[in-house]
Amino acid sequence: MAFTAENLLLANEIVARYPKTKSAILPLAHLAQDQDGYLTQDAMREIAGMIGVTPAEVLGTCSFYTMFKRDEVGRLVVSVCTNVTCLVMGGPEVLEHLEQRYASDKEVTIEEVECLAACGNAPAMQVNYEFHESLTPGSATEIIEAYKSGELTARGVSGGVAGGGQG
Amino acid sequence: MTSVIGAPNATETRIITKRLRDRPEDSWTLDGFTQSGGYESLRAALKLDPEAIGAEQVAAAGLRGRGGAGFPTGTKWSFLPKGSYPRYLVVNGDEGEPSTFKDRMLIENDPHQLIEGIAIASYAIGCNLAFIYVRGEFALGFERLEAARRDAHAAGFLGTNILGSGFDLDIVIHRAAGAYICGEETALLSSLEGDRGMPRIRPPFPAVAGLYAKPTIVNNVETLSTVPHIMRMGAAEYAKLGVNKSTGTRIFSLSGHVNRPGNYEVELGITFRDLIESPELGGGVRNGGKVKFFIPGGASSQWLTGSDEHLDAPLDMDYVQQTFGVMLGSGAVMVYDETTNPALVAWRLAKFFAHESCGKCTPCREGTGWIEKVLYRISHGYGRPQDLDLLLDVGDNISPGLNAPFSQTTICPLGPSAVSPVVSLHKFFREEVIAMCQNNDRVLHVTASDSGTSDLGAG
Amino acid sequence: MKDEREIVTVTIDGIEMQAPKGELLIRVAQDNGTFVPRFCWHERMKPVGMCRMCLVEVEGVRGMPPACTTTVTDGMVVNTKSETVKKAQDGVLEFLLINHPLDCPVCDRGGECPLQDQTLAFGPGESRYVEEKRHFEKPIPISELVLLDRERCIQCSRCTRFADEIAGDRLIDFGERGGEMQVITYPDDPFTSYFSGNTVQVCPVGALTAKPYRFRARPWDLSAVETSCQTCSVGCRGSLESSSNELVRLLGVDVEPVNHGWLCDTGRFGYEATHAEDRVRNPMIRRNGVLVECSWPEALDAAAEGIKRSLDLHGPASIAMVGGSRGTNEDAYLWARLAKGVIGTDNVDAQIGDGLPAEVVLGLPGATIPDLDEAAAIILLGPDLKEELPVLYLRVRRAAVDLGVPILDVSAVDHGLSRYASATIRHLPGEQASAAREISAALAPLIEGRTGPIVVVLGRSDVATSAEPTVAAAAIIREIPNTRFLIALRRGNVRGAIDLGLAPGFLPGRVTLESGAERFAAAWGSAPAEVGLDTAGILNAASEGRIGALILVGADVVNDFPDRRLVRAGVGGAGFVICINATITEAAADADVFLPATVWGEKAGTTTNLEGRISRVGRKIAAVGNPMPDFRIASELAFRLGTDFDLETVEEIQDEIARVAPAFAEVDAQLLKRARDGVVLPIALHRDELVLEPRRIPVIDFSWEPIKPEGPGELEVVEPEVVEPVLEAVASDEVALPADASSGVGLPEAQLYVWSAQHTAQPTPGRDNYALRLSAGRTLYDNGRTVASTPALRALIPAQTLRVNPSEISRVGVADGESVRVSTARGSLVLSLTGDANVPAGVAVMPFNIGDTGVGDLVDVSLVVTDLRLETLR
Ligand SMILES: Cc1cc2nc3c(=O)[nH]c(=O)nc-3n(C[C@H](O)[C@H](O)[C@H](O)COP(=O)(O)O)c2cc1C
Ligand code: SF4
Ligand code: FES
């Protein structure tokens, strides 16, 4: 979907922040991903048009970064760390448990990620980039369920703060 | 040769972590910040001659970069070519080095301290537009930084004619999107320009031609967060802290099998043992166990073991480099007790580097993947006795000589970093690894696409 | 370009050498005979240091810096062959191979692949890599012309850098990262660059392959000849390769002053036209209203008879010749000699109503292509170079982007280079002259503080507008000090044809009928006194029954002349039509005699590009059937008309040209053979640029071994067994260097033509508010012979549509894409209408020569501009 009128305003404001417009690719892609739930081809084309590069260039850039999802994902993206501290503190077990538990749940996408900078309280995960630490398989499940029921409010799929807004 | 003089007390020395420890309820707000002395250093700095700040304060304090390389910050600033404008300050908040989690804490809990540091540094180097490149996954950090920037702007600490000094500064907070390599400063600049985050060939160095090919200083979050305190304390006072050429304090991210993992700001020069065992710091290995090995400076560093020689080494960047060929790097110390399979840790690190290689250099793009695959086999019971030597030779083709500081066939040190776990396995756990590979009755069939199936178990 | 860098001394592998400071180490080593292996570095692209194959040791430098990103400094000591370096290189090679498929036997690059060569030579017998390789779907098409095999890719980024840095068409890029990194296009956005074939050429392995060449040959079966492309008038240098008497590939050869090794896709793949099914193999003659095959003597006799009859009845002015811009210089010269020296007519025109008068082409001070690099500014007033002279587009783009040369764009509509312009003057088609008056003011800020000539790329931007406004503009621009002109004419050897007299009013060697009269009367026996007609004049005269014999030399007038009604009337009205061509074109269908000619690839000689640079055209294969080279046909006709040229070989013709045609003084067969980068006319002004060095026979620039110059000045050519005369190799030491200016053999006495006429512009008629003014430039892919006969390119011809500003669409009240009736004073057509914000209001844009009907049905060449009206069909 194209940027909504509101997001388009924000997008233009983001482009204007940078001495060179191409710098805006990442923030614009976050904005589009938050809006659409993943980074659609239409969005990349629109971004290319806004900053005057080819769509291939936008795809080339965006596909370098793991946060951009180019296929549909669930409303909740759960990123579980299994890097070297979480590895020895139970991260893989949390991951395995969640993968099984949510294998057929369209609302939840479980992914394995690299170190989240939460090793002090390993193992850790993020749900739409909100940190949750010192996990066990059970507590991780409870957290996800709390998001599903609405008890916890999730950020956007891209973390929900793409624009920020200059002041 | 450096020597350890008067090892400091094994307690925290809270300078840049003071506020966030003292006022956990509002340390990130403008009020919380200004009520605890915030922006006073900026006010003072704006009255000084900009050039003097770099030379007489930052350099004199002996401040070295906290991002990993430990390069003297004042010296770096002095590399900016005279008379060439615009120039940019870019803050490296990409913190992705496994087990490093100090910058996230500073960003989330004391963003104004960073902004104050940025403002002073920008004034010192003559920059009017600074960028904070913040790791994409730090959604809360980004939010807090944005709010802090807005508030600082509204309060006149940013914007035009800051505090009536005639100095103008704007900050753009740029949220990244998940790529460890973008912590490398030239890759960061590529990424900030909207390109794939691939490191660039040096020279030219960023100080000469960096962001948008303009002179650019890249500094780490902790480095810049320290600057206001140097201004406040005075260079001489700051330089009294620490040891040898490692002055001041650093935040160490302690993790793994210790009783009290977490971030500890300590004076440089205390020992690893102090950090790991002191009751006010790591509190010892869990379950009363012993250190089997630890990784002293983030995932890229080679490892050290639980030997007295290693544990009693001081946190002195040059000492550990020269004595053991390891680095303090990003200030992450990962501790593993005797239950740990070092090959598994090595494999997970290799997997990380293979996943994060940008792909630009052949040895790194292909070599990290190769190392990962072989370490996977070794750590999962499919290893062959000759695999470790194969890995060493493959590693030697990425990092000739297998020494630290790295010699490298690659552009940036990421490729060679992936060799560190291999070398460490070889140095300290060779027997154990070879034993894992012996009498393997399990067989992994690996297809080498055009040459059919080879039976690794038989090898 | 003068290299003014300081010279430093470098020692490489123990050998001291001199080099300009700051030059790349890899280049210094190579220029001095030390080849540092490389994959990613390419001479014409910025170094990226990615593949890490070129690592060397430099004394005093830690580690191993890549030779491709290291610049030389005085006293530098380099080792490229130490054990450490060897180990690193072997390591890189092993890394490249672990994921590279072992499919060399079915790979196009097998046999000329540096990866394969190096592995065979030094690689370990057995792989230490026992893990699984990366797998991708085998080759996927990324465009109509190019396929990508991601398994074979070694991520050197040459293709992506070419697309970005050189072509400015970043339609391919790298996607993903690390081991997953691969070349991508955007989904549904194929790699439609006009220059896509270059990526195939620069790919060191077989990751990118060209559809036309795939599986056609194995490198070791190929033989090559050095040649020049004749698709357009840039004249790119190339290496033409065949296998079993079939052309299979054209590779660009890096010639500094011309093409830097690049080719456009039409040039690169157009060789397929040589093998077109519809090539005519035997002469034909009209019997009972139909063309039937006959013998050469029969056909030549009939043709000569047709000419003679008209000559006898109505005199030389009743005979006309159109065309001759597709052949070699040697062809053109003998056609000119036949027409002007034997028949005695000056009704001769190599241009087909779509160029500029010969006065302008010949008479303005000329620029060379390298002048663009050092220009104070470049003024573009002419065709869309990207569409018409693609490799010149690359050069201008480079000047603007890499060399900082400001561009002043004077045009009616946006074109390929508009986005690189520093300043723009927009005008309505036909208003070139008033736009030209604004140039001085617009130019002033651009050239401030800059030195060098102002290079004007001048041409007809559009065939729906007559040459008149462009000529008027040229007269104004010529008055700006320090201007030099590159005349942007399109067809392959149009410049050579005009230089050699295939234009009314001129004799070979850039002299007028008047100034050359004496000289040619002596050389030829006679020369016309009266200035003749150009193509439009000829067609008009023919339509009025005043042309008794019309000779069409490789001219597809129905498709190339802008006014179809006039062509039909002209060709229909001509008493006798002789057609020399390779295929039966529309106009040829009316011919009385059809003489099949050999084409590019089948004949040797020279061609002249738009700078006036003469370079060699190579003969690679023998023609199938019995076509004859043009110069032979001209000789045979002359003989039958009573003149024996007595010129048997191409070299004899070249020597005669050098003797009689003033601008060609000294440019004889020997010089042409030795001048590596060709010869720019007149030699007296361009002697400094001559390079009399051994030719670097192309092969592939990334060949593992350095390109070894083959014997001095000799063509390293394995000529097939052919019946035609072949260039004989000349031993260099027997060849005297051409005399320099001081030796007294300078410019010939005859003064070369200078255009001095004061030009008074005819006022361009105004446009009324309801009309749109038509701009009809060409597109790279059109119905022209090369594209239409090349299967690979035919599919790329765009759909015909009339592009207008979106406001016009709403004014007419139709939907975007809807069909409307388009009418001019000449005719009307139904065309689909497309809105395009880049088209200014009041203008309509339609490519020329696309589809069966089109611009040619709307244009009346007697008018200066073409205004049209739109009506809905509803
Ligand atoms: C692979 C790689 C990753 C890095 N990641 C980071 C990082 O996340 N944060 C950081 O501050 N520096 C990182 N660095 C170091 C930076 O390149 C650079 O040295 C540093 O930001 C400079 O700041 P400083 O002088 O203040 O330390 C990394 C370096 C490499 C080679
Ligand atoms: S070493 Fe690895 S991460 Fe660094 S530039 Fe080379 S490929 Fe990229
Ligand atoms: S790194 Fe130098 S040629 Fe590739």
Once you round to the nearest 0.5 Å, how far does CZ of A:R17 lie from CD1 of B:I171?
13.0 Å
Which atoms of A:V53 are under 4.5 Å from chain B, going by heavy atoms: the side chain, the backbone, both sets, or neither?
neither
Could you grab the distance from atom CE of B:M334 to atom SG of A:C115, nearest 0.5 Å is fine?
8.0 Å
Tell me, side chain or backbone of B:Y180 under 4.5 Å from chain A's heavy atoms, or both, or neither?
neither
May I ask you to check whether over 12 heavy atoms, not counting those of A:E111, lie within 6.0 Å of atom CD?
yes
Most contacts with chain A, counted as non-hydrogen pairs under 4.5 angstrom, among B:G262, B:G96, B:S191, B:C182:
B:S191
On a heavy-atom basis, which atom in A:P27 and which in B:H174 lie closest, and how many Å separate them?
CD-CE1, 3.6 Å
What closest approach, in Å, do A:P19 and B:L129 show between heavy atoms, and which atom pair accounts for it?
CG-CD2, 3.8 Å
Working note: A:F131 + B:E108, criterion side chain to side chain contact (heavy atoms under 4.5 Å, CB included); need CA distance, chi angles, decisive distance, verdict.
CA-CA 12 Å; A:F131 278 98; B:E108 287 179 358; 4.0 Å; yes
Please tell me if the side chains of B:L140 and A:R155 come closer than 4.5 Å, counting only heavy atoms from C-beta onward.
yes
With rounding to the nearest 0.5 Å, note down the distance linking CZ in B:R175 to CD1 in A:I14.
11.0 Å
Examine whether an atom of A:T82 lies under 4.5 Å from a heavy atom of chain B, and if so say whether it belongs to the side chain, the backbone or both; otherwise answer neither.
both
To check you understand the geometry: which heavy-atom pair defines the closest contact between A:G120 and B:P261, and what is its length?
O-CG, 3.2 Å
Does the distance from a Lys or Arg side-chain N to an Asp or Glu carboxylate O, for A:E57 and B:R196, drop under 4.0 Å?
no
State, to 0.1 Å, how close B:A177 and A:Y65 come at their nearest heavy-atom pair, and which atoms those are.
O-CB, 3.2 Å
As an exercise: rank A:T21, A:L26, A:I51, A:I25 by heavy-atom pairs under 4.5 Å with chain B and give me the winner.
A:L26
Side chain, backbone, both or neither: which part of A:A118 has an atom under 4.5 Å from a heavy atom of chain B?
both
Closest non-hydrogen contact found for A:T61 with B:G194 is OG1-O, 2.8 Å
B:D195 and A:K22: side chain to side chain contact (heavy atoms under 4.5 Å, CB included), yes or no, with the steps?
CA-CA 8 Å; B:D195 281 328; A:K22 198 178 172 192; 2.4 Å; yes
Contact winner vs chain A - B:E97, B:R104, B:H355, B:E356, heavy-atom pairs under 4.5 Å
B:R104
So, taking the atom named NZ in A:K20 and the one named CG in B:L192, what distance separates them when rounded to the nearest 0.5 Å?
12.0 Å
Pick one of side chain, backbone, both or neither for B:L344, based on which atoms fall under 4.5 Å of a heavy atom in chain A.
both
Side chain to side chain contact (heavy atoms under 4.5 Å, CB included) between B:K351 and A:E112, worked out:
CA-CA 12 Å; B:K351 179 175 163 183; A:E112 179 183 11; 3.1 Å; yes
Examine whether an atom of B:L158 lies under 4.5 Å from a heavy atom of chain A, and if so say whether it belongs to the side chain, the backbone or both; otherwise answer neither.
neither
Taking A:S79, A:C119, A:C62 one by one, which has the highest count of heavy-atom pairs under 4.5 Å against chain B?
A:C119
Heavy-atom pairs under 4.5 Å with chain B - which of A:Y129, A:F68, A:F64, A:Y18 has more of them than the others?
A:F64
CD of B:E95 to CG of A:L116, rounded to nearest 0.5 Å, is 11.0 Å
Are A:S23 and B:F131 close enough that some pair of their side-chain heavy atoms sits under 4.5 Å apart?
no
Which heavy atom of A:H30 sits nearest a heavy atom of B:A176, and at what distance?
NE2-O, 2.7 Å
Are the side chains of A:V84 and B:F352 in contact, using a 4.5 Å heavy-atom criterion?
no
Atom group of B:T340 that falls short of 4.5 Å from chain A, counting heavy atoms:
side chain
Report which part of A:Q126 has an atom under 4.5 Å of a heavy atom belonging to chain B: side chain, backbone, both, or neither.
side chain
Under 4.5 Å heavy-atom distance to chain A, tell me which part of B:R135 shows up: side chain, backbone, both or neither.
side chain
